[in-house]
Amino acid sequence: MRKTAINTEVVDGVTFELRPLVRNATNPGWVCLRKTPRFVQRYRALAPELQGCRMVEVGVDQGGGTSFFLKLFKPQRLLAIELSSEPVPKLMNFLAEHDKDNCVNVCWGVDQADTVEVPRLVDDMFGGETLDIVVDDASHLLNPTTTTFELLFPRLRRGGLYVIEDWSSEHLMDARIAAEIASFPEKFQAQKQTSVGNADYEMPMSFLICQLLIASAHNAEWITDIRVGKGICEIRRGAADIEPGTPIADYLGGLGRWMLNC
Ligand SMILES: C[S@@+](CC[C@H](N)C(=O)[O-])C[C@H]1O[C@@H](n2cnc3c(N)ncnc32)[C@H](O)[C@@H]1O
């Protein structure tokens with residue numbers, strides 16, 4: 001049997017096992033982190049500027065990311081939001097041991113697209129203070145992801161960072177389907193299936209990344225910089241005031257709205 005290599009990262013004495021597609025570490029003493037080595041290297045590179053940050057993490061699952069950010073960034077405060085209303089005992093035990101100052105607040109049963117609850121939680125945790133970083137690794141769907149961006153991007157400080165993880169997952173899936181179809185042409189030809197063109201196909205989350213790219217061209221005072229890596233997109237907040245809840249269409253300008261038909 002072929003053995004798969006185990007990727008681990010030690011952060012501040014805690015061993016994280018990098019298993020993007022599963023929920024459990026192979027060793028009970030380790031924390032399972034659902035992130036690829038590429039993501040981890042990127043966050044490590046960002047760590048010096050984010051020490052003691054004010055952070056929001058959207059999408060908690062088993063809490064590997066929450067634990068990782070706690071150890072790596074040593075946040076002043078970290079608000080973590082999760083749709084599931086079931087607290088994860090493993091995470092709560094980890095926080096009891098490693099978060100002695102109660103910097104982390106995990107809010108279960110919160111939809112990232114809740115335009116009342118999300119701002120309320122941010123107000124409760126941070127008052128009028130700006131955020132340094134938001135990481136959205138939640139629904140990976142266009143509409144909720146856009147709503148969260150509209151709510152939270154304006155609340156970043158100047159130069160603050162908004163990260164959207166796994167923005168390309170639908171394209172990876174599409175490529176996989178295309179490869180499958182190519183390897184069994186007779187089977188799929190008979191059914192006249194294609195990987196795209198299905199009437200039920202939803203606009204993928206990558207459409208938001210296209211909008212943000214155009215937004216950065218239209219108004220550098222709102223978005224100074226956008227960095228699109230494999231699966232991870234980082235958007236830097238500019239200096240101008242932006243009203244929380246401003247619709248994404250307002251970021252684009254007339255030409256952008258015309259180009260993207262929105
Ligand atoms: C990929 S997992 C998060 C992994 C986690 N960030 C980590 O690094 O370990 C995605 C999580 O987002 C949650 N989620 C999905 N839709 C959501 C929504 N609308 N609002 C908030 N959380 C959501 C899911 O329940 C799931 O736990």
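One-based numbering, in listed order, for ligands and for the atoms of each. Scope of the values below: all heavy atoms of this structure, side chains included, with no hydrogens, waters or symmetry mates.
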Identify the closest protein heavy atom to [atom]: which residue and atom is it, and at what distance?
atom: atom 12 (O) of ligand 1; value: A138 CA, 3.3 Å
atom: atom 10 (C) of ligand 1; value: D137 O, 3.2 Å
atom: atom 8 (O) of ligand 1; value: K35 NZ, 2.9 Å
atom: atom 11 (C) of ligand 1; value: E82 OE1, 3.7 Å
atom: atom 20 (N) of ligand 1; value: Q112 N, 2.8 Å

Compute the centroid of each ring, for F73 and then for F68, and state whether the two points are separated by less than 6.0 Å.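 So the answer is no for these two rings.
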Quick check on the 6.0 Å ring-centre criterion: do Y251 and W222 meet it?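 For Y251 and W222, the ring centres are under 6.0 Å apart.
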Polar proximity ligand 1 side, [X] side, N/O cut 3.5 Å exclusive:
X: G59; value: yes
X: S84; value: no
X: L83; value: yes
X: D61; value: yes

Do [X] and [Y] get their side chains close enough for a donor-acceptor pair, meaning under 3.5 Å?
X: D136; Y: Q112; answer: yes
X: H171; Y: S206; answer: yes
X: E9; Y: Q41; answer: yes

Check ligand 1 against [X] and write out every atom of the ligand that is under 4.0 Å from a heavy-atom position of the residue.
X: V110; result: 20 (N), 21 (C)
X: G65; result: 7 (C), 8 (O), 9 (O)
X: E57; result: 6 (N)
X: D111; result: 18 (C), 19 (N), 20 (N)

Residues K35, D137: salt bridge by 4.0 Å N-O rule: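 Between D137 and K35 there is a salt bridge, with a charged N closer than 4.0 Å to a carboxylate O.
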Check ion pair R237-D132 (N to O, under 4.0 angstrom):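 A salt bridge is absent here (no side-chain N lies under 4.0 Å from a carboxylate O).
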Could you check whether any heavy atom of Q62 sits closer than 4.0 Å to an atom of ligand 1, since that is the contact criterion I want to use?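 No; Q62 lies far enough from ligand 1 that no heavy-atom distance drops under 4.0 Å.
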D114: heavy atom below 4.0 Å from ligand 1, yes or no?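 False for this residue.
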For T36, side-chain contact (heavy atoms from CB on, under 4.5 Å) partners two or more places apart: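 Counting only residues at least two positions away or on another chain, T36 forms a side-chain contact (heavy atoms from CB on, under 4.5 Å) with P20, R38, F39.
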Using a 4.0 Å heavy-atom cut-off, which part of V60 comes near ligand 1: side chain, backbone, both, or neither?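 Backbone only; the side chain of V60 stays clear of ligand 1.
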Using a 3.5 Å cut-off and no angle test, enumerate the donor-acceptor pairs between side-chain atoms of residues 252-262 and protein atoms at least two apart in sequence or in another chain.
from, atom 1, to, atom 2, distance (Å)
R257, NH1, A249, O, 2.8

Please determine whether side-chain contact (heavy atoms from CB on, under 4.5 Å) holds for the pair F94 and T66, giving the CA-CA distance in whole Å, both sets of side-chain angles, and the decisive distance to 0.1 Å. CA-CA 10 Å; F94 184 91; T66 315; over 6 Å; no
